[in-house]
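Working notes for the structure below.
Computed from a predicted model, the values in this text were never measured in an experiment. Proteins come first, then strands; the chains are lettered A, B, ... in the order of their sequence lines, and each starts at number 1.
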Amino acid sequence: MYLLLALVAVPFVFPVFWMFSTGLKTYGDVFENPPVLWPEDPRWGNYLVPFITGPFLQQFLNSIYIASVTTIGVLAVASLAGYAFARIEFRGRSVLFVMLLSALLIPPEVTIIPLFRIVSAFGWIDTHLALIVPAIFGVPAVLGVFLMRQFFLALPIELEQAGRVDGLGRFGLFTRVALPLAKAPLAALAILTFLNSWNDFLEPLVFLRTRELWTVPIALQSFTDPITGIPIWNIQMAATTLSVLPVLAVFFVAQRQFVQGIAGTGIK
Amino acid sequence: MPDPRSQLSGRRSTRPAAGRPPRRGHLRRVDAAYGYAFIAPAVLGFLVFVALPIAGVFLFSFQDYNSLSGRSTYVGMENYERLLTSDVFGTVLRNTAVFSAFVIPANLVIGLLMAVLVNQRIRAISVFRTAYFVPVVISLVAWSLVWDVMLQDSGGINGWLAMIGIEGPNWLADPDWAMTSIIFVQVLKGVGVSMVLFLAALQEVPGELLEAARIDGAGPWQSFRSVVVPLITPTIMMVAILATINSLKAFAQVFLLTEGGPGLSTNILGYFIYEQAFKAFQVGFASTAAVFLFLIVLVLTLLQWWSRKRWVFNES
């Protein structure tokens, strides 16, 4: 049984190891035949090259900044709307909710061209606002609205009645009663949003031009020979490994929230 | 949220609130105002960043709009005619269909098999669950780039194949293998999500039902087919819809691994739209292709949704 489980794990885990070990090879060793699992003389210096030769540190900080601001914004927008859709009665509630959900069905390629026009009308092309604002108020927030609504639907009504008796208004009920109980779904949503923003590719590719403003995924595909366009494989893999390390670290610490966050979008 | 009181008052609200203290109606209105205020950021954001762009796609699809010259003229259905009669687009649609026809069932079948595999009560099983989920967590760019290294002609895959005496093809540059490679990379990347969704569903299956089936003499395969599968049909539909949307929006792996090539062999709709809009600057033409993508996703999702009454168990 364990042999089978381990065999199945190979195509999922081995590429990450290969990423790491290729990042330690010399350029000539990358395509050595037979393949070298672990280089005899690991070049740890490769992992410094992206920082020395390019603005990789800056790009890293850009990604952290964009993903953090987006996450905070999505948490605010989604918890407010998710709460209202679950707990407050108003006309058109279900119609508006279904309308929002339809955003989840739309692939980004469909809307990227007009979105480019809208973003450029705001003067945001080649700025980080182009990535942050549409994410906070657009599709990523909708997933959050859905997750938060599912959670708030299950809150017992007695809690709010008790809050009413204590003289809380609607905003008080939200901030003092509902939100403090929502730590688990908020954590799951924060992780999902941060991860999605960190991994975004199409939007930064289209909206950003200046190298210093790039995010990490765009930066990764820039480790190529300027003349031939062929990747400098070992340095590219070193940079790629560096880009997945923070994400993997968070994943191993918070895998419960990760998995529940994913599963939570599917059940109920 | 079927709250009988709310339905009652909703029906009544057009009439004067007979025999009700006005205070309650006032409270209800105040509450509704809070409701609208709370959803306002999400709804306004949806209008500006989702609804408006969709309207824009339709609008652009009727224009000859070249973003390089900046000139746009209304051309009616010309883009549609050009697209539908173009051999290139026919190939792109066929590629997209082939891609999805493998990716969606693979997500369902492999995802379910993996969920069954990790749904055992044995030691350290969570280590394996975590391992299978790793590609979901790391970015598609990182995942594609490492497979780029491994799938090169002289890369790791062919190196290991050579060790057991097989001469592998040039995976990404061989028109017969490039699509297979892209599908493989896509399935490995996303199947962990399907596994987790199926695992959550499997753990909800009541043990008594399986026990009863066993007492009635059902073998493991029989009880899986007749007890487990019907109970998890809602999740099967969920995974099918998610896999459909994810496969139709595939872009980065094509951009990074093959740029649609060799020839047109891996040019799928998501990549085609990008190529037309941001490499050829044919915004009107690209928007017309985007309309097609939008309609395909819409139709497939609605079909799956409408068909649910026929096969989804316990749909309430």
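Options Leu59(B), Ile273(B), Leu293(B) differ in how many heavy-atom pairs under 4.5 Å they form with chain A, and the most are formed by Leu293(B). Your options are Phe294(B), Tyr36(B), Tyr34(B), Tyr132(B), and the one with the most heavy-atom pairs under 4.5 Å with chain A is Tyr132(B). No other option in Val30(A), Thr111(A), Val110(A) has as many heavy-atom pairs under 4.5 Å with chain B as Val110(A). Interface remark: of the candidates Val136(B), Ile245(B), Val149(B), Val149(B) forms the most heavy-atom pairs closer than 4.5 Å to chain A. In terms of non-hydrogen atom pairs under 4.5 Å with chain A, the most contact-rich of Val283(B), Val43(B), Asn158(B), Asp148(B) is Asp148(B). Here Ala81(A) is the residue among Ala81(A), Gly138(A), Ser94(A) with the most heavy-atom pairs under 4.5 Å with chain B. Interface summary for chain A: among Val50(B), Val30(B), Leu44(B), the most heavy-atom pairs under 4.5 angstrom belong to Val50(B). The candidate with the highest count of non-hydrogen atom pairs below 4.5 Å against chain B, out of Ala239(A), Pro217(A), Pro134(A), is Pro134(A). Contact tally against chain A (heavy-atom pairs below 4.5 Å) for Ser126(B), Gly56(B), Ala37(B), Gly270(B): the top residue is Gly270(B). Ranked by heavy-atom pairs under 4.5 Å with chain B, the first of Phe116(A), Tyr2(A), Phe97(A) is Tyr2(A).
Both the backbone and the side chain of Ser287(B) come within less than 4.5 Å of a heavy atom in chain A. At a 4.5 Å heavy-atom cutoff, the contact between Val57(B) and chain A is made by backbone and side-chain atoms alike. Neither the backbone nor the side chain of Phe58(B) comes within less than 4.5 Å of any heavy atom of chain A. Heavy atoms closer than 4.5 Å to chain A are found in both the backbone and the side chain of Phe251(B). Residue contact with chain A, scored on non-hydrogen atoms closer than 4.5 Å, involves the backbone and the side chain of Phe46(B) alike. Interface remark: Arg123(B) contributes backbone and side-chain atoms alike to the contact with chain A (heavy atom separation under 4.5 Å).
Remark: aromatic rings of Phe20(A) and Phe17(A) are distant, center separation not under 6.0 Å.
Considering only heavy atoms from C-beta on, Trp18(A) stays 4.5 Å or farther from Trp147(B) through its side chain.
A distance-only check finds a donor-acceptor pair linking the side chain of Lys189(B) to the backbone of Ile138(B) [under 3.5 Å]. With Trp143(B) contributing its side chain and Val185(B) its backbone, the two residues share a donor-acceptor pair below 3.5 Å.
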